[in-house]
Asks: 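Sharing a structure, written as structure tokens. Questions coming.
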Amino acid sequence: MKDRNFLDTVMEFEQQLESMQTQFEALKKFVALMMEEHQTLQMENHYLRTRLEEVLSQQETLPALATLNAAEEHKEEVIDVGEGYDNLARLYHEGYHVCHVHFGTSRKGEDCLFCLSFFDKQND
Ligand SMILES: [Zn+2]
């Protein structure tokens, strides 16, 4: 009977190892997923920081514009709209969504109908 108990213990231990292996595989997949997401977020964060610095440095030049006459200020506004559009086009080209649905997230190499319809509207 002692041998029987020992065999049970060994088989039980084997089952525990198999169960742990399954859990470990799931954990590895989870870690891989988290690392991928982490990298995507880092890229997006880096891009948005760069954009923020660009926008802030553009704003620093605004006080100088205040000295210009009204007509010239109006002209600058028109140019700014064009730059905003170019920046969004560049952002899309670099692989990010510019649509309100997924703004700032990676397109994962796929075209987005929301983004494209946004550009269509701008071109009208
Ligand atoms: Zn999109």
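Everything numeric here is computed off the predicted structure, so don't read it as measured data. Count residues from 1 along the sequence. Whatever order the structure lists ligands and atoms in, that order sets their numbers, starting from 1.
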Asks: Cation-pi between Arg107 and Tyr92: NZ/CZ under 6.0 Å from ring centre and within 45° of the ring axis?
Replies: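 Yes, Arg107 sits over the ring of Tyr92.
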
Asks: In terms of the angle between their ring planes, are His97 and His102 parallel, tilted or perpendicular, with boundaries placed at 30° and 60°?
Replies: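 Taking His102 first and then His97, their aromatic rings sit tilted (interplane angle of 30° to 60°).
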
Asks: Which atom name does His97 have for its N/O/S atom nearest to the Zn ion (ligand 1)?
Replies: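 Atom name returned: ND1.
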
Asks: Please report, to 10°, the angle around the Zn ion (ligand 1) from atom SG (Cys115) across to atom SG (Cys112).
Replies: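 Between SG of Cys115 and SG of Cys112, at the Zn ion (ligand 1), the angle is about 110°.
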
Asks: Just wondering, are more than 12 heavy atoms of other shown residues or ligands nearer than 6.0 Å to CD in Glu36?
Replies: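 Count not over threshold, so no.
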
Asks: Is there an N/O/S atom in His102 that lies less than 2.8 Å from the Zn ion (ligand 1)?
Replies: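 No, outside the cut-off.
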
Asks: Does Arg90 pair with Asp86 as a salt bridge, N-O distance under 4.0 Å?
Replies: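 Judged by the 4.0 Å cut-off on N to carboxylate O distance, Arg90 and Asp86 do not form a salt bridge.
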
